[in-house]
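To start, the structure itself, in structure tokens.
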2 protein chains.
Amino acid sequence: MKLDHGHKIYNQLTSAQIEKRLNDIGISATAQRIAICKYILCEADHPTAEDIKKWTDVNFPKLSRATVYNTLEVLVQAGLLKELKLPHTGKIVYDTNVAEHFHFLDSNTGKLFDVSPEECQVTLAMPNDISVQGVEVFLRGKISIK
Amino acid sequence: MKLDHGHKIYNQLTSAQIEKRLNDIGISATAQRIAICKYILCEADHPTAEDIKKWTDVNFPKLSRATVYNTLEVLVQAGLLKELKLPHTGKIVYDTNVAEHFHFLDSNTGKLFDVSPEECQVTLAMPNDISVQGVEVFLRGKISIK
DNA sequence: AAGCCACTTAGAATAAGTCTAAAAATAGCT
DNA sequence: AGCTATTTTTAGACTTATTCTAAGTGGCTT
Ligand SMILES: [Mn+2]
Ligand SMILES: [Mn+2]
Ligand SMILES: [Zn+2]
Ligand SMILES: [Zn+2]
């Protein structure tokens, strides 16, 4: 189980690298989109739209709320992000980990961790007229202090 | 997998029975609370607050939105209901099935089904400093037409 | 009857997200 | 470069689920 944020400290990208990644997936790399991606890809961990807006308010002022939401939609459509609605808040969070994985919420800190399918296996025994196409797992618990 | 609603057709309760259930768990049985329980316990299937309000608008007019929410909170605190925030809508739904179970959303119909822990087994292999206290599973898929 | 207290009420407030319509930037073409 | 079409951005209005507020109701106790 790894915390995205801790991981991303080593994941700094230049604007040019981000521009290339956007172009590669057919998204025109505007200054606003690059700024938002810089935060999402290099700093943030499962950020909400509000988190992103707060960051741009400091680092790219004048960028509007609508642009945050527009950009997120573009990035989700392109498959660079996954949108998650987690049960502990009403808010949507955006996940840069687009591989199949689940989530663990540390109820002490409120921090969210990615859980790999190896760490959490789901075995289904449903009636055979049911075809399951998506599985979401949300775990809550505590991390014992060493 | 069973659909609560279908099940509840056979689960009619009299006002007196509901009154007793409420008293047994230490809740004073007001007319408003009995009305809301009648709907939740006998008719509804994972209703939202709005579903409940719509029903009371017809069956117990003048009951206010605040009373719906207040009553739901009382019932949840008392353990008669579980509050669920599911990812497919922004809304909270209320579940009379307070035993451990999961949910399946039929993406064709939007209907929600209960899934028992036998039908969906979760095997965890988390680092041993993690203690998991709650598991939520949300499945999406289709029911093949026979 | 007066006071108390739990409950209810209408409507205001909040907050996440969406929509709108106009302005600005960009891209394509001559 | 200039002109036009398209894309992107913007401020602020709007929607919607839920919470909050502050006043009203009604049964019980003394
Ligand atoms: Mn966040
Ligand atoms: Mn419903
Ligand atoms: Zn994740
Ligand atoms: Zn259920």
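Proteins come first, then strands; the chains are lettered A, B, ... in the order of their sequence lines, and each starts at number 1. Nothing here was measured: the structure is a model prediction, and the numbers come from that model.
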Worksheet entry | NZ/NE/NH1/NH2 to OD/OE distance under 4.0 Å, B/Glu50 and B/Lys91 | yes
Discussion item. I need the NZ-C1' distance between A/Lys62 and D/dT9, as an integer number of Å.
Written reply: 12 Å
Discussion item. Side chain of A/Leu63, heavy atoms from C-beta onward: which of D/dT10, D/dT18, C/dT9 has the nearest atom to it?
Written reply: D/dT10
Worksheet item: How many Å lie between CG on B/Asp51 and C1' on D/dA17, as a whole number?
Response: 13 Å
Discussion item. I want to verify a distance call: between D/dT18, C/dA10, C/dG17, whose nearest atom is closest to the B/Ala49 side chain?
Written reply: D/dT18
Worksheet entry | Side-chain donor-acceptor pair present, B/Asn59, B/Thr56, cut-off under 3.5 Å | no
Discussion item. Let's go through A/Ser28 and A/Arg33 carefully: what are the C-alpha distance in whole Å and the side-chain angles of both, what is the deciding distance for side chain to side chain donor-acceptor pair (under 3.5 Å) to 0.1 Å, and is it a yes or a no?
Written reply: CA-CA 8 Å; A/Ser28 59; A/Arg33 288 171 179 174; 3.2 Å; yes
Worksheet item: Taking atom C1' of C/dT8 as reference, at what distance in whole Å does atom CD1 of B/Ile34 sit?
Response: 15 Å
Fill in: Presence of A/Tyr69 side-chain N/O under 4.0 Å of C/dG17 phosphate oxygens OP1/OP2
yes
Worksheet item: Is any side-chain nitrogen or oxygen of A/Thr30 closer than 4.0 Å to OP1 or OP2 of C/dT26?
Response: no
Worksheet item: A/Arg33 CZ to D/dT9 C1': how many Å, rounded?
Response: 10 Å
Worksheet item: Can you tell me how far P of D/dT25 sits from CD of B/Gln32, to the nearest Å?
Response: 14 Å
Discussion item. I want to check something: taking the side chain as every heavy atom from C-beta on, are B/Arg21 and B/Leu80 in contact at a cut-off of under 4.5 Å?
Written reply: yes
Fill in: Candidates D/dT9, C/dT9, C/dG17 - which lies nearest the side chain of B/Thr67
C/dT9
Item to complete: Could you check how far CD1 of A/Ile27 sits from P of D/dT9, rounded to whole Å?
Response: 11 Å
Discussion item. Counting only side-chain nitrogens and oxygens, does A/Ser64 get under 4.0 Å of the OP1 or OP2 atom of D/dG12?
Written reply: no
Fill in: Whole-Å gap separating P (D/dA17) and CG (B/Leu72)
15 Å
Worksheet entry | Distance-only side-chain donor-acceptor flag, B/Asp114 / B/His46, under 3.5 Å | yes
Response to the item:
When rounded to whole Å, the CZ to P distance for the pair A/Arg65 and D/dT10 reads 12 Å
